[in-house]
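Take a look at the structure below.
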Amino acid sequence: MRVGLVSDVHGNLEALEAVLAAIPTDVPLLSLGDLVGYGPDPGAAIDALRPRLQAAVLGNHDVAAIDGYGLELFNPVAREALEWTRRALEPSHVAWLDGLAYEIRMPDYLMVHGMPVDYFRYLLDKGDAKAAFAATDAPLVFVGHTHLAEYYALRPDGVIEHGERASGGGLALEPGWRYVVNPGSVGQPRDCNPEAAYAFYDRQSSTVSWQRVPYAIATVRAKIVAAGLPAACGARLAVGR
Ligand code: ZN
(Lines give C-alpha, C1' and ligand atoms only; values in the text may rest on other atoms or scores of the structure.)
Protein backbone atom coordinates (compact mmCIF):
# COMPACT_ATOMS: atom_id res chain seq x y z
CA MET A 1 0.00 0.00 0.00
CA ARG A 2 2.28 2.69 -1.31
CA VAL A 3 1.66 6.19 -2.66
CA GLY A 4 4.06 8.48 -4.46
CA LEU A 5 4.46 12.09 -3.29
CA VAL A 6 5.20 14.75 -5.88
CA SER A 7 5.24 18.52 -5.49
CA ASP A 8 6.26 21.73 -7.22
CA VAL A 9 6.44 20.34 -10.74
CA HIS A 10 6.34 23.94 -11.99
CA GLY A 11 5.77 23.16 -15.65
CA ASN A 12 8.98 21.16 -15.95
CA LEU A 13 7.88 18.30 -18.23
CA GLU A 14 11.31 16.66 -18.57
CA ALA A 15 11.70 16.41 -14.77
CA LEU A 16 8.14 15.13 -14.38
CA GLU A 17 8.58 12.49 -17.09
CA ALA A 18 11.77 11.24 -15.40
CA VAL A 19 9.91 10.95 -12.09
CA LEU A 20 6.87 9.25 -13.67
CA ALA A 21 9.16 6.77 -15.43
CA ALA A 22 10.79 5.91 -12.10
CA ILE A 23 7.51 5.24 -10.24
CA PRO A 24 5.68 1.98 -11.00
CA THR A 25 2.39 2.76 -12.77
CA ASP A 26 0.34 0.93 -10.11
CA VAL A 27 1.53 3.39 -7.43
CA PRO A 28 -0.99 6.25 -7.20
CA LEU A 29 0.37 9.77 -6.77
CA LEU A 30 -0.44 12.63 -4.42
CA SER A 31 0.43 16.09 -5.76
CA LEU A 32 1.17 18.79 -3.19
CA GLY A 33 0.72 21.83 -5.42
CA ASP A 34 2.42 24.20 -7.85
CA LEU A 35 2.03 22.15 -11.00
CA VAL A 36 2.56 25.34 -13.00
CA GLY A 37 4.65 28.52 -12.90
CA TYR A 38 8.33 29.06 -13.83
CA GLY A 39 8.51 26.21 -16.37
CA PRO A 40 7.84 26.11 -20.12
CA ASP A 41 5.31 23.22 -20.22
CA PRO A 42 2.52 23.90 -17.71
CA GLY A 43 -0.29 22.36 -19.77
CA ALA A 44 1.73 19.31 -20.84
CA ALA A 45 2.77 18.74 -17.21
CA ILE A 46 -0.88 18.73 -16.12
CA ASP A 47 -1.76 16.31 -18.93
CA ALA A 48 1.13 13.98 -18.03
CA LEU A 49 0.42 13.90 -14.30
CA ARG A 50 -3.38 13.77 -14.24
CA PRO A 51 -3.80 10.10 -15.22
CA ARG A 52 -1.43 9.03 -12.43
CA LEU A 53 -3.03 11.13 -9.69
CA GLN A 54 -5.04 9.91 -6.74
CA ALA A 55 -5.37 13.43 -5.30
CA ALA A 56 -3.93 16.92 -5.71
CA VAL A 57 -4.04 20.19 -3.77
CA LEU A 58 -3.57 23.77 -4.94
CA GLY A 59 -0.31 25.69 -4.69
CA ASN A 60 0.11 29.45 -4.69
CA HIS A 61 1.32 29.46 -8.32
CA ASP A 62 -1.71 27.37 -9.36
CA VAL A 63 -4.09 29.84 -7.70
CA ALA A 64 -2.36 32.80 -9.37
CA ALA A 65 -2.49 31.02 -12.74
CA ILE A 66 -6.25 30.40 -12.43
CA ASP A 67 -7.38 34.00 -12.06
CA GLY A 68 -4.38 36.18 -11.22
CA TYR A 69 -5.13 36.01 -7.49
CA GLY A 70 -2.18 37.18 -5.38
CA LEU A 71 0.04 38.02 -8.38
CA GLU A 72 1.28 41.15 -6.58
CA LEU A 73 2.70 38.95 -3.80
CA PHE A 74 5.22 37.24 -6.11
CA ASN A 75 8.73 38.47 -6.85
CA PRO A 76 9.20 40.02 -10.34
CA VAL A 77 10.64 36.86 -11.95
CA ALA A 78 7.88 34.61 -10.60
CA ARG A 79 5.24 37.18 -11.58
CA GLU A 80 6.55 37.49 -15.13
CA ALA A 81 6.60 33.69 -15.43
CA LEU A 82 3.03 33.49 -14.09
CA GLU A 83 1.81 36.05 -16.60
CA TRP A 84 3.41 33.90 -19.33
CA THR A 85 1.81 30.80 -17.80
CA ARG A 86 -1.65 32.40 -17.82
CA ARG A 87 -1.28 33.05 -21.54
CA ALA A 88 0.05 29.51 -22.20
CA LEU A 89 -2.59 27.48 -20.34
CA GLU A 90 -5.66 26.27 -22.18
CA PRO A 91 -9.11 26.83 -20.62
CA SER A 92 -9.40 23.10 -19.87
CA HIS A 93 -6.19 23.21 -17.79
CA VAL A 94 -7.37 26.28 -15.89
CA ALA A 95 -10.74 24.62 -15.26
CA TRP A 96 -9.05 21.50 -13.89
CA LEU A 97 -6.80 23.53 -11.57
CA ASP A 98 -9.84 25.52 -10.47
CA GLY A 99 -11.49 22.30 -9.30
CA LEU A 100 -8.68 21.44 -6.86
CA ALA A 101 -8.92 21.97 -3.10
CA TYR A 102 -6.55 23.74 -0.71
CA GLU A 103 -6.37 20.72 1.57
CA ILE A 104 -7.28 17.05 1.54
CA ARG A 105 -7.61 15.13 4.79
CA MET A 106 -7.42 11.34 4.97
CA PRO A 107 -7.50 9.26 8.16
CA ASP A 108 -3.73 9.00 8.36
CA TYR A 109 -2.56 12.12 6.54
CA LEU A 110 -3.26 15.71 5.51
CA MET A 111 -2.19 17.21 2.18
CA VAL A 112 -1.49 20.97 1.95
CA HIS A 113 0.93 23.04 -0.13
CA GLY A 114 2.59 25.09 2.62
CA MET A 115 1.11 24.64 6.10
CA PRO A 116 -2.13 23.38 7.63
CA VAL A 117 -4.77 26.16 7.63
CA ASP A 118 -2.19 28.80 6.58
CA TYR A 119 -1.86 27.15 3.19
CA PHE A 120 0.82 29.29 1.56
CA ARG A 121 3.05 30.00 4.59
CA TYR A 122 6.60 28.67 4.24
CA LEU A 123 7.54 25.98 6.72
CA LEU A 124 11.20 26.79 7.21
CA ASP A 125 12.23 25.87 10.76
CA LYS A 126 11.19 24.12 13.95
CA GLY A 127 9.11 27.13 15.02
CA ASP A 128 7.06 26.88 11.83
CA ALA A 129 6.83 23.10 12.31
CA LYS A 130 5.48 23.64 15.84
CA ALA A 131 2.79 25.94 14.42
CA ALA A 132 2.00 23.35 11.73
CA PHE A 133 1.56 20.54 14.27
CA ALA A 134 -0.61 22.80 16.45
CA ALA A 135 -2.90 23.63 13.52
CA THR A 136 -3.97 20.04 12.80
CA ASP A 137 -4.38 16.70 14.54
CA ALA A 138 -3.26 14.78 11.45
CA PRO A 139 -0.55 12.26 12.33
CA LEU A 140 1.19 12.89 9.04
CA VAL A 141 1.23 16.13 7.03
CA PHE A 142 2.45 16.13 3.43
CA VAL A 143 3.68 19.55 2.23
CA GLY A 144 5.64 21.14 -0.61
CA HIS A 145 6.21 24.88 -1.22
CA THR A 146 9.79 25.23 0.09
CA HIS A 147 11.21 22.82 -2.54
CA LEU A 148 13.29 21.12 0.18
CA ALA A 149 13.35 17.33 0.67
CA GLU A 150 13.07 17.02 4.45
CA TYR A 151 10.91 16.15 7.44
CA TYR A 152 10.01 17.43 10.89
CA ALA A 153 8.98 15.03 13.67
CA LEU A 154 7.02 15.83 16.82
CA ARG A 155 8.05 13.37 19.51
CA PRO A 156 5.61 12.34 22.27
CA ASP A 157 7.67 14.43 24.74
CA GLY A 158 7.02 17.57 22.62
CA VAL A 159 10.52 17.88 21.17
CA ILE A 160 10.69 18.58 17.42
CA GLU A 161 13.32 16.86 15.31
CA HIS A 162 14.36 17.80 11.78
CA GLY A 163 16.03 15.77 9.06
CA GLU A 164 17.04 16.74 5.53
CA ARG A 165 16.88 14.20 2.71
CA ALA A 166 18.32 16.17 -0.22
CA SER A 167 20.38 13.15 -1.26
CA GLY A 168 17.47 10.75 -0.76
CA GLY A 169 17.07 8.34 2.13
CA GLY A 170 14.42 6.77 4.33
CA LEU A 171 12.52 7.32 7.55
CA ALA A 172 10.74 4.78 9.76
CA LEU A 173 7.67 6.45 11.29
CA GLU A 174 7.51 5.85 15.04
CA PRO A 175 4.14 5.03 16.64
CA GLY A 176 2.83 8.02 18.59
CA TRP A 177 5.07 10.52 16.79
CA ARG A 178 3.72 13.01 14.26
CA TYR A 179 5.45 14.13 11.08
CA VAL A 180 5.59 16.82 8.42
CA VAL A 181 7.03 15.32 5.24
CA ASN A 182 8.21 17.30 2.20
CA PRO A 183 9.17 15.17 -0.82
CA GLY A 184 11.13 18.07 -2.36
CA SER A 185 10.43 19.58 -5.76
CA VAL A 186 10.10 17.70 -9.04
CA GLY A 187 10.65 20.66 -11.31
CA GLN A 188 12.71 23.23 -9.40
CA PRO A 189 14.73 21.76 -6.49
CA ARG A 190 16.14 24.30 -4.03
CA ASP A 191 18.07 21.97 -1.74
CA CYS A 192 21.29 22.21 -3.77
CA ASN A 193 20.61 18.91 -5.54
CA PRO A 194 19.49 19.66 -9.12
CA GLU A 195 18.00 16.18 -9.63
CA ALA A 196 14.19 15.86 -9.59
CA ALA A 197 12.81 14.94 -6.16
CA TYR A 198 9.90 12.75 -5.09
CA ALA A 199 9.06 10.34 -2.29
CA PHE A 200 7.10 7.23 -1.38
CA TYR A 201 4.87 6.79 1.65
CA ASP A 202 4.27 3.14 2.55
CA ARG A 203 1.33 2.79 4.92
CA GLN A 204 1.95 -0.92 5.48
CA SER A 205 5.54 -0.59 6.67
CA SER A 206 5.08 2.98 8.07
CA THR A 207 8.03 4.33 6.14
CA VAL A 208 8.84 7.27 3.91
CA SER A 209 11.60 7.11 1.32
CA TRP A 210 12.98 10.09 -0.58
CA GLN A 211 14.26 9.65 -4.13
CA ARG A 212 16.15 11.70 -6.73
CA VAL A 213 16.32 11.16 -10.46
CA PRO A 214 18.38 13.01 -13.11
CA TYR A 215 16.72 14.62 -16.11
CA ALA A 216 17.66 16.72 -19.15
CA ILE A 217 18.17 20.09 -17.46
CA ALA A 218 19.83 21.63 -20.55
CA THR A 219 16.74 20.84 -22.62
CA VAL A 220 14.47 22.63 -20.16
CA ARG A 221 16.81 25.64 -19.96
CA ALA A 222 16.73 25.93 -23.75
CA LYS A 223 12.94 25.70 -23.77
CA ILE A 224 12.70 28.43 -21.12
CA VAL A 225 14.83 30.78 -23.22
CA ALA A 226 12.95 29.90 -26.44
CA ALA A 227 9.60 30.53 -24.71
CA GLY A 228 10.65 34.01 -23.63
CA LEU A 229 10.42 33.12 -19.93
CA PRO A 230 12.91 34.82 -17.56
CA ALA A 231 16.33 33.15 -18.02
CA ALA A 232 16.70 33.01 -14.23
CA CYS A 233 13.99 30.32 -14.20
CA GLY A 234 16.36 28.06 -16.14
CA ALA A 235 19.70 29.05 -14.62
CA ARG A 236 18.63 27.98 -11.13
CA LEU A 237 17.74 24.48 -12.35
CA ALA A 238 21.42 23.68 -12.98
CA VAL A 239 22.42 24.44 -9.41
CA GLY A 240 19.27 23.29 -7.65
CA ARG A 241 18.64 26.56 -5.80
ZN1 ZN B 1 6.71 25.99 -5.71
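Counting starts at 1 for both ligands and their atoms, following the listed order. Start at 1 with the first residue, then count along the sequence.
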Exercise. Just by distance, with hydrogens left out, do Tyr152 and Glu161 show a side-chain donor and acceptor under 3.5 Å apart?
Worked result: no

Exercise. Hey, which N, O or S atom on Asp8 ends up closest to the Zn ion (ligand 1)?
Worked result: OD1

For this session: Measuring from the Zn ion (ligand 1), name the closest N, O or S atom belonging to Asp34.
Result: OD2

For this session: Give, rounded to 10 degrees, the angle between NE2 (His147) and NE2 (His10) as seen from the Zn ion (ligand 1).
Result: 100°

Problem set entry | Arg155 CZ: over 12 foreign heavy atoms closer than 6.0 Å | yes

For this session: Could you tell me whether Glu72 and Arg79 have a side-chain N and a carboxylate O separated by less than 4.0 Å?
Result: no

Exercise. Salt bridge check: are Arg52 and Asp26 linked by an N-O gap of less than 4.0 Å?
Worked result: no

